[in-house]
Undergrad: 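One structure follows; several queries about it will come next.
Side-chain atoms are counted along with the backbone in the values below, which use heavy atoms only and exclude waters and symmetry mates. A, B, ... follow the sequence lines: proteins, then strands. Residue 1 opens every chain.
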2 protein chains.
Amino acid sequence: MSTSRHDTGRPPGHAPERASGSARPVGDPLVATGPAGDPGPAAERLISERGIPEATVGRLPVYLRVLTALVERGVPTVSSEELAAAAGVGSAKLRKDLSHLGSYGVRGVGYEVSPLVAHISRELGLTQAWRVVIVGLGNLGRALASYGGFAERGMGVAALFDADPAVVGREVAGLVVRPMSELAAVVRAEGVVIGVLATPAAAAQGACDELVAAGVTGVLTFAPAVLSVPEGVDVRKVDLASELQILAFHEQRKAADAVRAAAPSGGGARAVARPARRRVGAAR
Amino acid sequence: MSTSRHDTGRPPGHAPERASGSARPVGDPLVATGPAGDPGPAAERLISERGIPEATVGRLPVYLRVLTALVERGVPTVSSEELAAAAGVGSAKLRKDLSHLGSYGVRGVGYEVSPLVAHISRELGLTQAWRVVIVGLGNLGRALASYGGFAERGMGVAALFDADPAVVGREVAGLVVRPMSELAAVVRAEGVVIGVLATPAAAAQGACDELVAAGVTGVLTFAPAVLSVPEGVDVRKVDLASELQILAFHEQRKAADAVRAAAPSGGGARAVARPARRRVGAAR
DNA sequence: TCGACTTTGTGCGCGCCTTCACAAGCGCCT
DNA sequence: AGGCGCTTGTGAAGGCGCGCACAAAGTCGA
Ligand SMILES: NC(=O)c1ccc[n+]([C@@H]2O[C@H](COP(=O)([O-])OP(=O)(O)OC[C@H]3O[C@@H](n4cnc5c(N)ncnc54)[C@H](O)[C@@H]3O)[C@@H](O)[C@H]2O)c1
Ligand SMILES: NC(=O)c1ccc[n+]([C@@H]2O[C@H](COP(=O)([O-])OP(=O)(O)OC[C@H]3O[C@@H](n4cnc5c(N)ncnc54)[C@H](O)[C@@H]3O)[C@@H](O)[C@H]2O)c1
C-alpha cells in the first residue's frame, strides 16, 4: 500500500521546512499545448482548479493506459461500462472519477476516446515528458533504467547515479552512470523534479537527502526503509517483500479456511461473486 | 495503488469458480511452533480467528521489519510512540493495529520486541518460508530473482520460468530458468502458492492463467495489465509507470501552486506538519 | 416532431479507516 | 504500602471512498 503525500506520520515540527520556491516549474504545465481539437467554452482553462480525490488520481494512470490502447485500435467512443471493465473497476466508480475531471461524456453515447486521453494526460501533467533520475544502479536500478515502457507513458530517464566507483562510468541503457557528486548539478540543469531510489536500505535516507537538496520534490523508493523528507516532498514507496508478505498472509488465511471447511453445511461452493468482505478471516 | 483481494470489480457471475480444494495447505501454518516463552492462558491458541482489517495487514510487514531491526540492536522494549515513529505512522494507528492482533503491550512500559516479532511473524504466516515462482526473466525478473533481501523476510524463490527458448536454460541467481511446460509440475511438487509475474503485459493474462491452473492462488504482477482471475485468487499489482505518473501529477500541482503563490498573505511558510489534507489541489 | 431508449452524472447511505482523547492498568519510587 | 506518572487499549467521531439507483440529458428511429 504505497502511500502518498507525506503519509509518514512523523511527529509535528520534525520536518525541516522546505526551502520555499524550491519547487521548480519545469516548463509551464498549466497552460498546456492546445488540446487536440477541443475548442470548448472559456470556462475550460481552469480544470486543474478543482480538487481531485487521491483515490481517483491513483486510477487515472490505469484509465489512461486503457484509453491509449483503445486509441491505437481506432475505437472512437467507449461507454463507462466498457471502459470500466477494461480498467478493472466498477462503472459507477469510473464515472465518478471522470466526473471529477469535469468530464466530457455524452449521455446516451459514452466518452469520446481521443479527447478523454488528452484530458487525462493534461490532468496528470503528461503534456510534457517528465525526466527522472535513478539513484543506485544495482540489480533493480539497471532493470528500471533499461525498461522501455516508461517513455510511452510520459516518463523519461534523464540520468543515472551511483556511489560505487566500480559502477560509475558503466553504460546502462545508453546512459553513462555518473557519480553522486554530479547529481545536484544535473538535477538543476535538467530541471528534474522526480527521483527514483534504488539503493540499499541503509543508504536510502542519505541518497534521498541528496535528491531533495538538489531540488527533487517527488521520490519513488524501492528501499525498505522509512524516509524522512521535508514538507512538500512526496514519497511513494514500493516494497516488494512486503507485497509478497501480504500475499503470504492471505494464503495462510485461505489454508486455514480450507482446513476449517470440514463442515460443508449448505452448498458451500457456489459463492456470490461480490467483492467478498474486506475484513480478513473471522472464522466464517 | 496496488489493490488487494479481488479488487478487479468485474461484473458478478463472470469469475470462473475456483476448483474447490485447490488451496493447498503447505505445512500447517495454524498450529505454529510454540510461542517463544509465552505460557499465556488457554484462550490464546486461536488468535488467527479474529478478522484483521486489510489496512492493518498492509502495515504489518513494515512493523515487522522495524521490529526485526530493533531485535538485532538488542532493544528489549519499545513504546508505541517510538515504534510508530520508526515505522512512519501515527502512534494511535499503530496501537490499534497491534490491538487487532490481540497484542501484548504492557501499560506504562510498551511492547516487548521479541514476542511481538514472533507474534506478527506468526500472523503473517512467516513461520514457514514461502517459496514463490517467478515467471518472465527479462530485466525485471532477473533483478527479482537476484535480490537477496527476500530470504530474510520469509520469502524464497523456488523456481524460474520463461517462454523464450533463448532464456530457458540460462542460470540466474543460481537457478536454471525452466520452460513454461514444467511450471505446473514444479508448482505442484513444491507446493508453491505464490507466483510473481514479470512478463510483458501482452503475455500476462496467459501466464497468469497458467499459474492459476497450476494451483497458485496469490499473484504479484508487474505487468501493466488488468488480470482476470477466478474467485479465491489474490492479485496484487505493482505498476511502476503509474507510480511515476502519480508523482508527476503532484509535481504538476505543486508547480501550479507555486505559480499561484504570488499573493503571500500571512506568513505562508510555517505550515503545520499535520498530514495535509487529502483532497489534492483546490486552489488554496 | 415526438417518443423511446441509452448512458451519463450524482445524491445518498453505508462501512472502513483514521484520529482524538481518555480511562484503565502497570511499574516504580518514596 | 500507597500514590504517581507513564503507556496501552479503545470508545466515539469524523472523513473518505464506494456502490446503488435514478433523474437528467442526449441519441436514434419512426
Ligand atoms: N529485485 C530487486 O532487486 C529488489 C527487490 C525488492 C527490493 N529491492 C530494494 O531495492 C533496492 C535496490 O536493490 P538492488 O537489488 O538493486 O541492490 P544492489 O545492491 O544490487 O544495488 C544497489 C546499488 O546502489 C548503489 N549505492 C549504494 N549506496 C549508495 C549511495 N549512498 N548513493 C548512491 N548509490 C548507492 C550501489 O553501488 C549499488 O549499485 C534495495 O533497497 C533493495 O532492498 C530490490
Ligand atoms: N524496470 C522494468 O523492467 C519494468 C518497469 C515497469 C514495468 N515493468 C513491467 O514488468 C514486466 C517485465 O518487464 P521486463 O523489463 O523484465 O520485460 P522483458 O521484455 O525484459 O522480459 C519479459 C520476459 O518475459 C518472457 N515472456 C514473454 N512471454 C512470456 C510468456 N507467455 N510466458 C513466460 N514468459 C514470457 C520473455 O521471454 C522475457 O524474458 C513488463 O510487463 C513490464 O511492463 C518492468
Side-chain angles (χ1 to χ4, degrees), chain A residues 1 3-12 50-60 76-85 87-112 115-116 272-280 282, chain B residues 1 3-12 50-60 76-85 87-112 115-116 272-280 282:
Chain A
M1 203 151 299
T3 63
S4 63
R5 235 174 151 89
H6 19 78
D7 196 4
T8 54
R10 269 172 280 94
R50 81 189 92 251
I52 301 178
E54 190 59 37
T56 295
V57 174
R59 285 185 291 267
L60 289 182
T77 61
V78 264
S79 68
S80 64
E81 203 74 47
E82 298 167 314
L83 185 50
V89 303
S91 63
K93 194 191 294 191
L94 178 126
R95 285 198 299 276
K96 190 153 286 184
D97 281 343
L98 294 186
S99 78
H100 285 122
L101 306 181
S103 112
Y104 274 68
V106 179
R107 295 168 193 249
V109 177
Y111 299 89
E112 288 183 86
L116 194 49
V272 189
R274 279 294 89 197
R277 269 300 23 89
R278 200 62 164 294
R279 195 162 237 99
V280 174
Chain B
M1 196 146 308
T3 61
S4 63
R5 238 178 148 88
H6 19 79
D7 197 5
T8 54
R10 269 174 277 93
R50 80 188 95 249
I52 300 178
E54 190 59 37
T56 295
V57 173
R59 285 184 293 267
L60 289 182
T77 60
V78 265
S79 69
S80 65
E81 204 74 47
E82 297 167 315
L83 185 50
V89 303
S91 63
K93 194 191 292 192
L94 178 127
R95 284 198 300 276
K96 188 148 284 185
D97 281 343
L98 294 186
S99 78
H100 286 122
L101 306 180
S103 113
Y104 275 68
V106 180
R107 294 169 194 251
V109 177
Y111 299 88
E112 287 183 86
L116 195 49
V272 189
R274 279 293 90 197
R277 267 304 20 90
R278 200 61 162 293
R279 193 162 238 100
V280 175

Undergrad: Over its full length, what angle do the end axes of the helix from dT1(C)-dA30(D) to dT30(C)-dA1(D) make, each axis taken from five pairs and the result rounded to 10 degrees?
TA: 0°
Undergrad: From CD1 of I52(B) over to P of dC17(C), roughly how many Å is that when rounded to an integer?
TA: 12 Å
Undergrad: Any side-chain N or O of Y104(B) under 4.0 Å from OP1/OP2 of dT7(D)?
TA: no
Undergrad: Can you see which heavy atom on S80(A) is nearest to which on Y111(A), and at what distance?
TA: CB-CE1, 3.9 Å
Undergrad: Any side-chain N or O of S80(A) under 4.0 Å from OP1/OP2 of dT7(C)?
TA: no
Undergrad: Rounded to whole angstrom units, what separation is found between the NE2 atom of H100(A) and the P atom of dT8(C)?
TA: 16 Å
Undergrad: Rounded to the nearest 0.5 Å, what separation is found between the CD1 atom of I52(B) and the CG atom of L60(B)?
TA: 6.0 Å
Undergrad: Go along nucleotides 25-30 of chain C 5' to 3' and tag each nucleotide: B for a protein heavy atom under 4.0 Å from its base, S when only backbone or sugar atoms are that close, - otherwise.
TA: BSS---
Undergrad: Among all residues two or more places apart in sequence or in another chain, which pass the side-chain hydrogen bond (donor to acceptor under 3.5 Å, both in side chains) test with S79(A)?
TA: E82(A)
Undergrad: L98(B) has an atom CG; how far is it from atom P of dT7(D), in whole Å?
TA: 16 Å
Undergrad: Which atoms form the tightest heavy-atom contact between A84(A) and S91(A), and what is the distance?
TA: CB-CA, 3.5 Å
Undergrad: Let me spell it out: for each of R59(A) and S79(B), pick the nucleotide of DNA chain D with the closest heavy atom. Which residue's pick is nearer the 5' end?
TA: S79(B)
Undergrad: With sequence neighbours excluded, what pairs up with E112(B) under the side-chain hydrogen bond (donor to acceptor under 3.5 Å, both in side chains) test?
TA: none
Undergrad: Testing the basics here: between P53(A) and G51(A), what is the closest heavy-atom pair and its distance to 0.1 Å?
TA: CD-O, 3.9 Å
Undergrad: Starting at CZ of R95(B) and ending at P of dA23(C), how long is that distance when rounded to a whole Å?
TA: 15 Å
Undergrad: Between atom CG in D97(B) and atom P in dC17(C), what is the gap in whole Å?
TA: 10 Å
Undergrad: Roughly how many Å is it from CD in E54(B) to P in dT18(C), rounded to a whole number?
TA: 11 Å
Undergrad: Tell me: CG of L94(A) to P of dG17(D), nearest whole Å?
TA: 16 Å
Undergrad: What is the distance from CD of E112(A) to P of dG26(D), rounded to the nearest Å?
TA: 14 Å
Undergrad: Below 3.5 Å is the cut-off: list the nitrogen or oxygen pairs between protein and nucleotides 12-14 of chain C, distance only.
TA:
unit_1, atom_1, unit_2, atom_2, d
dC12(C), N4, K96(A), NZ, 3.3

Undergrad: Which residues pass the salt bridge (charged side-chain N to carboxylate O under 4.0 Å, His left out) test with R59(A), not counting sequence neighbours?
TA: D97(A)
Undergrad: Using 0.5 Å steps for rounding, measure from the OG1 atom of T77(B) to the CG atom of L116(B).
TA: 11.5 Å
Undergrad: Heavy atoms only: give me the nearest H100(B)-K96(B) pair and the separation to one decimal.
TA: ND1-O, 3.0 Å
